[in-house]
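Let me begin by presenting the structure, written as structure tokens, before commenting on it.
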There are 2 protein chains.
Amino acid sequence: MFYDLSDKELEALKIIRNSLVHQGSIPSVRELMIGLGYKSPRSSAVILRTLEEKEILRKKSDGRYQIVDFEIPEDYGSRAQTIKVPLLGSVACGIPIFADENIEAEVSISIEMIKSGYKYFLLRAEGDSMDEADINDGDLLLIRQQQDADNGDRVLALIDDEATVKEYNRSGGMVILKPKSTNKIHQPIILKSDFRIQGIVEEVISL
Amino acid sequence: MFYDLSDKELEALKIIRNSLVHQGSIPSVRELMIGLGYKSPRSSAVILRTLEEKEILRKKSDGRYQIVDFEIPEDYGSRAQTIKVPLLGSVACGIPIFADENIEAEVSISIEMIKSGYKYFLLRAEGDSMDEADINDGDLLLIRQQQDADNGDRVLALIDDEATVKEYNRSGGMVILKPKSTNKIHQPIILKSDFRIQGIVEEVISL
DNA sequence: TTAAAAGTGTATATTTGTGTATGTTTTATG
DNA sequence: CATAAAACATACACAAATATACACTTTTAA
């Protein structure tokens with residue numbers, strides 16, 4: 001199927017796939033030109049045409065290209081596609097959550113861990129601000145950004161400038177954030193119902 | 001084995017090997033011409049043809065040459081018994097890892113480096129895709145093909161169509177591939193636990 | 001309604017492998 | 001020695017594949 005592709009065609013295909021995963025669209029002729037190191041858009045346009053002739057790409061009804069169904073290799077599980085997610089070091093009230101100074105790095109996460117249509121970020125757990133039993137200093141929390149939650153969800157909230165993870169419970173006109181285990185240090189937090197959370201903890205990653 | 005090669009043929013072979021390791025491809029007729037000091041491309045073309053007739057080179061299905069027998073220099077078992085292992089140049093999407101096109105050469109490796117019962121292959125490290133401190137551009141990685149690993153093993157994984165070497169760590173429902181040293185560029189990669197690796201890095205051979 | 005961005009056509013340039021003819025050096029042999 | 005045969009190099013040219021320059025629509029967004 002792909003055996004008669006030249007080096008440049010293969011490289012183009014890589015760029016196209018990458019662009020699909022990371023930007024959601026096939027790159028423009030000029031983007032592809034830059035990616036492949038060409039100096040004229042014609043060259044990359046020709047490559048696209050060739051890929052179409054080789055039936056790797058197909059034009060959709062709106063004239064745009066689409067990748068013709070990828071042959072899934074037998075060892076598919078061993079080929080991962082990832083998406084980059086910002087890793088936030090510390091989060092404080094007042095600073096927009098994705099402000100530059102918060103972003104420590106971009107971490108690659110398997111796209112299988114991601115629901116499309118949502119934004120995600122990673123947060124590094126620090127000290128005891130996360131009072132959950134299974135979150136330790138240095139762990140990474142994968143958080144899906146959304147402002148509503150169901151009862152029982154583990155949510156990230158900003159309480160007194162601290163990033164805090166607790167169980168979400170709405171009851172009556174209030175929101176109660178419960179620590180998993182109640183003790184002297186970890187007590188529930190009671191908030192007005194217009195309080196907004198930052199997101200839902202999807203995964204806890206121990207490094 | 002190489003005893004019936006002329007001086008120029010041997011020199012050509014050296015240049016070809018060097019080009020293979022450092023640029024990942026057999027040199028063009030004109031590159032080889034320059035390397036050998038010829039003034040016409042014909043001369044080097046003839047040499048290539050001769051090497052093919054002497055079965056030092058072989059044409060792959062895509063028309064390109066591959067080296068039939070590439071001995072690792074130095075004293076990697078120069079007199080010892082050897083076994084031939086494929087040298088893979090680039091590994092790309094959709095192409096089975098041992099497809100003809102990927103195999104640049106067959107390299108002789110001392111059998112003392114090989115555990116019986118496993119398949120092996122060599123991979124050429126390219127640029128910075130291998131972020132380990134002790135793997136440099138052009139090094140050859142001897143990889144034992146297997147799909148499971150223990151925590152701490154150095155594994156080869158295909159991430160977004162890049163061959164990547166990182167430390168394997170399974171924790172909870174996830175697999176985390178850690179770079180040896182973490183910094184802005186080299187961050188862990190977080191994958192779902194059904195992810196399968198390509199193999200384990202057994203040796204790093206610097207040429 | 002305009003300006004910028006994106007895709008495409010034509011013509012030309014560059015690179016690559018290879019063919020033919022010819023020149024040069026080496027070697028073997030009468 | 002002489003010289004023919006073989007091996008090795010060079011010059012030049014051609015076709016196919018690739019890449020470039022540039023201009024001209026069409027599309028998109030302001």
Side-chain angles (χ1 to χ4, degrees), chain A residues 2-20 22-68, chain B residues 2-20 22-68 89-90 92 100-101 103-105:
Chain A
F2 293 146
Y3 305 125
D4 54 348
L5 296 186
S6 73
D7 284 359
K8 280 290 185 189
E9 286 160 5
L10 258 179
E11 207 185 328
L13 202 51
K14 278 193 196 176
I15 292 172
I16 292 167
R17 291 185 68 218
N18 199 55
S19 175
L20 264 183
H22 290 97
Q23 303 178 47
S25 60
I26 294 225
S28 72
V29 170
R30 278 170 176 82
E31 279 171 337
L32 188 59
M33 170 190 96
I34 291 166
L36 291 170
Y38 286 134
K39 291 180 180 168
S40 160
R42 199 78 258 270
S43 308
S44 43
V46 169
I47 296 246
L48 286 175
R49 165 65 60 93
T50 310
L51 287 175
E52 189 189 357
E53 277 162 9
K54 292 186 177 173
E55 303 194 316
I56 309 294
L57 296 181
R58 181 196 301 143
K59 284 215 180 185
K60 292 191 287 184
S61 52
D62 62 357
R64 273 186 238 216
Y65 281 115
Q66 118 190 73
I67 293 198
V68 171
Chain B
F2 294 148
Y3 307 124
D4 54 347
L5 295 187
S6 74
D7 284 356
K8 280 290 185 187
E9 285 161 4
L10 260 177
E11 204 186 331
L13 202 50
K14 278 191 198 170
I15 292 171
I16 292 168
R17 288 172 156 192
N18 196 57
S19 175
L20 252 190
H22 291 99
Q23 306 180 52
S25 59
I26 297 242
S28 72
V29 170
R30 277 169 178 82
E31 279 171 338
L32 188 59
M33 171 190 95
I34 291 167
L36 291 171
Y38 285 133
K39 291 180 180 170
S40 161
R42 199 76 258 271
S43 310
S44 43
V46 169
I47 296 245
L48 285 176
R49 167 64 60 93
T50 310
L51 287 175
E52 189 189 356
E53 277 161 7
K54 292 188 177 172
E55 301 195 315
I56 309 294
L57 296 181
R58 181 196 299 145
K59 285 214 179 186
K60 294 190 286 183
S61 57
D62 60 358
R64 277 183 249 213
Y65 282 115
Q66 85 183 73
I67 295 195
V68 172
S90 65
D100 204 24
E101 293 82 1
I103 300 178
E104 291 183 347

Contact summary for [X] and [Y], nearest pair of heavy atoms:
{"X": "B:Gln66", "Y": "B:Lys60", "result": "OE1-CG, 3.1 Å"}
{"X": "B:Glu52", "Y": "B:Tyr65", "result": "OE1-OH, 3.2 Å"}
{"X": "B:Ser40", "Y": "B:Met33", "result": "C-SD, 3.3 Å"}
{"X": "B:Tyr38", "Y": "B:Ser44", "result": "CD1-N, 3.9 Å"}
{"X": "B:Leu36", "Y": "B:Ala12", "result": "CD2-N, 3.7 Å"}

Give me the first and last nucleotide of DNA chain C, going 5' to 3', that has any atom under 4.0 Å from a heavy atom of chain A.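 Under 4.0 Å from chain A, the extent on DNA chain C is C:dA6 to C:dT10.
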The criterion is salt bridge (Lys or Arg N to Asp or Glu O under 4.0 Å); which residues satisfy it with B:Arg64, sequence neighbours excluded? A:Asp7, B:Asp62
Donor-acceptor contacts under 3.5 Å from residues 23-30 of chain B side chains, at least two apart:
| unit_1 | atom_1 | unit_2 | atom_2 | d |
| --- | --- | --- | --- | --- |
| B:Ser28 | OG | B:Arg30 | N | 3.4 |
| B:Ser28 | OG | B:Glu31 | N | 3.1 |

Distance (rounded to the nearest 0.5 Å) between B:Ile15 CD1 and B:Asn18 CG: 8.5 Å
In whole Å, I'd like the distance from the OH atom of B:Tyr38 to the C1' atom of D:dT10.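 That distance rounds to 11 Å.
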Short of 4.0 Å, heavy atom to strand atom, which residues of residues 29-36 of chain A count as contacting DNA chain D?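 None, since no heavy atom is under 4.0 Å.
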B:Glu9: which residues meet the side chain to side chain contact (heavy atoms under 4.5 Å, CB included) condition with it, sequence neighbours left out? B:Leu5, B:Ser6, B:Ile47, B:Thr50, B:Leu51, B:Lys54
Would you jot down, in residue-number order, the residues of residues 39-49 of chain A having a non-hydrogen atom under 4.0 Å from DNA chain C?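 Under 4.0 Å from DNA chain C: A:Pro41, A:Arg42.
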Evaluation steps, side chain to side chain contact (heavy atoms under 4.5 Å, CB included), between A:Ile16 and A:Leu48: CA-CA 10 Å; A:Ile16 292 167; A:Leu48 286 175; 3.9 Å; yes
